[in-house]
*Asks:* 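Below is one structure. I have some questions about it.
Residue numbers count from 1 along this sequence.
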Amino acid sequence: QVQLEESGGGLVQAGGSLRLSCAASDSGRPFSSYAVGWFRQAPGKEREFLAAISWTGSSTYYPHSVKGRFTISRDNAKNTVYLQMNSLKPEDTAVYYCAAGWRGFGPHRALSYYSDYGNYDSWGQGTQVTVSS
């Protein structure tokens, strides 16, 4: 399995921006064969899907709750996926995780597949994002 490490979290004021990074280690399988998703979990709440990106980066997926504020991108040459977060709100405070998967992913899959955390094989340890009011 690929190893993932998130970075870029921290404390930011409401209205501010952060860019999270998800760096992948070599796993024997090209990073470009993995779809990558971002999720978050706040204390006492369920894990929430935020964004996903296909193998090549040609397709991106967002729930309505963050569309227009969050942007996912990837640089396969650097084995890294990014999550740009703008107009942050206190309710965005959570631990943010990236996840990678390769089985079943593809351009034919709908948002529902990419947003299902059970379809991802590898997870990072998470990075804390705190938005102050």
Side-chain angles (χ1 to χ4, degrees):
Q1 289 184 341
V2 65
Q3 303 296 315
L4 304 173
E5 184 174 3
E6 303 94 340
S7 61
L11 175 64
V12 63
Q13 288 188 333
S17 298
L18 281 176
R19 188 176 80 155
L20 305 183
S21 297
C22 173
S25 63
D26 288 337
S27 66
R29 175 180 296 275
F31 182 63
S32 58
S33 67
Y34 288 94
V36 176
W38 282 96
F39 296 78
R40 69 185 177 191
Q41 189 162 21
K45 294 189 176 181
E46 293 187 354
R47 196 173 332 188
E48 180 184 6
F49 168 71
L50 301 174
I53 190 164
S54 62
W55 307 325
T56 62
S58 59
S59 298
T60 56
Y61 306 83
Y62 304 94
H64 288 297
S65 58
V66 303
K67 203 166 187 177
R69 290 198 303 131
F70 291 6
T71 303
I72 190 170
S73 61
R74 69 188 297 161
D75 185 341
N76 285 337
K78 295 182 179 179
N79 286 6
T80 303
V81 170
Y82 306 97
L83 184 67
Q84 178 68 42
M85 305 186 295
N86 299 327
S87 303
L88 286 165
K89 308 172 184 179
E91 50 264 44
D92 293 318
T93 295
V95 178
Y96 284 66
Y97 300 90
C98 64
W102 59 272
R103 278 183 287 261
F105 286 93
H108 62 292
R109 289 293 189 182
L111 170 63
S112 59
Y113 194 89
Y114 280 85
S115 64
D116 184 347
Y117 66 81
N119 290 326
Y120 294 86
D121 306 302
S122 301
W123 291 80
Q125 82 291 347
T127 185
Q128 176 71 45
V129 171
T130 302
V131 184
S132 63
S133 57

*Asks:* Can you tell me how far apart OG (Ser133) and NZ (Lys89) are? Round to the nearest 0.5 Å.
*Replies:* 14.0 Å
*Asks:* Check the hydrophobic clustering (I, L, V, M, F, W, Y; side-chain heavy atoms under 4.5 Å; chains of links allowed) and say if Tyr62 and Ile53 are grouped together.
*Replies:* yes
*Asks:* Just by modelled atom types, is the Lys78 backbone N or O under 3.5 Å from a matching donor or acceptor in the Thr80 side chain?
*Replies:* yes
*Asks:* With sequence neighbours excluded, what pairs up with Gln125 under the side-chain contact (heavy atoms from CB on, under 4.5 Å) test?
*Replies:* Glu5, Glu6
*Asks:* Could you pull out all donor-acceptor pairs under 3.5 Å where a side-chain atom in residues 96-103 meets a protein atom, sequence neighbours excluded?
*Replies:*
| unit_1 | atom_1 | unit_2 | atom_2 | d |
| --- | --- | --- | --- | --- |
| Tyr96 | OH | Arg40 | NH1 | 2.9 |
| Tyr96 | OH | Asp92 | O | 2.5 |
| Arg103 | NH2 | Asp121 | OD1 | 2.8 |

*Asks:* Who are the ring-ring contact (aromatic ring centres under 6.0 Å, His included) partners of Trp123, not counting sequence neighbours?
*Replies:* Phe39
*Asks:* How long is the gap from CE on Met85 to OG1 on Thr71, to the nearest 0.5 Å?
*Replies:* 11.0 Å
*Asks:* For a side-chain contact (heavy atoms from CB on, under 4.5 Å) check, start with the C-alpha distance between Val2 and Arg29, then their side-chain angles and the critical distance, and finish with the verdict.
*Replies:* CA-CA 8 Å; Val2 65; Arg29 175 180 296 275; over 6 Å; no
*Asks:* For a 4.5 angstrom cut-off between non-hydrogen side-chain atoms, does Glu48 reach Ser65?
*Replies:* yes
*Asks:* Nearest 0.5 Å, please: how far is OG in Ser32 from CG in Asp75?
*Replies:* 11.5 Å
*Asks:* Could you check whether any side-chain N or O of Tyr120 sits under 3.5 Å from a backbone N or O of Tyr114, counting only pairs where one atom can act as donor and the other as acceptor?
*Replies:* yes
*Asks:* Find the distance between OG (Ser122) and CD (Gln1) and round it off to the nearest 0.5 Å.
*Replies:* 4.0 Å
*Asks:* Name all residues meeting the side chain to side chain donor-acceptor pair (under 3.5 Å) criterion together with Glu91; count only those two or more places apart in sequence or in a different chain, and write none if there are none.
*Replies:* none
*Asks:* Taking a hydrophobic cluster as the set of Ile, Leu, Val, Met, Phe, Trp and Tyr residues connected by side-chain heavy atoms closer than 4.5 Å, whether directly or through intermediates, do Phe31 and Trp55 fall within one such cluster?
*Replies:* no
*Asks:* Checking Val36 against Leu4 for the side-chain contact (heavy atoms from CB on, under 4.5 Å) test, could you report, in this order, the C-alpha distance in whole Å, the side-chain angles of both residues, the deciding distance, and whether it holds?
*Replies:* CA-CA 10 Å; Val36 176; Leu4 304 173; 5.9 Å; no
*Asks:* Linking I/L/V/M/F/W/Y whenever their side-chain heavy atoms sit closer than 4.5 Å, directly or via other members, would Val12 and Leu50 fall into one cluster?
*Replies:* yes
*Asks:* Going by side chain to side chain donor-acceptor pair (under 3.5 Å), name the residues that satisfy it together with Gln41, two or more places apart in sequence or in a different chain.
*Replies:* none
*Asks:* Is the backbone of Val131 close enough, under 3.5 Å, to the side chain of Thr93 for a donor and an acceptor to pair up by distance?
*Replies:* yes
*Asks:* Are Phe49 and Tyr34 linked, directly or through intermediate hydrophobic residues, by side-chain heavy-atom contacts shorter than 4.5 Å (ILVMFWY only)?
*Replies:* no
*Asks:* Please report the C-alpha distance between Tyr61 and Ser115 in whole Å, then the side-chain angles of each, then the deciding distance to 0.1 Å, and finally whether the side-chain contact (heavy atoms from CB on, under 4.5 Å) criterion is met.
*Replies:* CA-CA 8 Å; Tyr61 306 83; Ser115 64; over 6 Å; no
*Asks:* Mind checking who shares a hydrophobic cluster with Leu11, ILVMFWY linked at side-chain heavy-atom distances under 4.5 Å?
*Replies:* none
*Asks:* How long is the span from the CG atom in Leu20 to the CD atom in Gln84, to the nearest 0.5 Å?
*Replies:* 9.0 Å
*Asks:* Kindly write out the residues that satisfy side chain to side chain donor-acceptor pair (under 3.5 Å) with Ser25, not counting sequence neighbours, or none if the list is empty.
*Replies:* none
*Asks:* Please identify each residue that fulfils salt bridge (Lys or Arg N to Asp or Glu O under 4.0 Å) with Arg19, with sequence neighbours left out.
*Replies:* none
*Asks:* How would you list all residue pairs meeting disulfide bond (SG atoms under 2.5 Å apart) that involve residues 30-74, not counting sequence neighbours?
*Replies:* none
*Asks:* Sequence neighbours left out, what passes ring-ring contact (aromatic ring centres under 6.0 Å, His included) with Tyr113? Give chain and number order.
*Replies:* Phe105
*Asks:* Rest of the hydrophobic cluster containing Tyr82 (Ile/Leu/Val/Met/Phe/Trp/Tyr, side-chain heavy atoms under 4.5 Å)?
*Replies:* none
*Asks:* Measuring from atom CD1 of Ile72 to atom OG of Ser59, what distance do you get when rounded to the nearest 0.5 angstrom?
*Replies:* 11.5 Å
*Asks:* Looking only at heavy atoms, which two atoms of Ser17 and Asn86 are closest? And how far apart?
*Replies:* OG-OD1, 2.9 Å
*Asks:* Tell me every residue that passes side chain to side chain donor-acceptor pair (under 3.5 Å) with Thr130, counting only those two or more places apart in sequence or in another chain.
*Replies:* Gln128
*Asks:* Just by distance, do the side chain of Arg74 and the backbone of Ala35 share a donor-acceptor pair under 3.5 Å?
*Replies:* no
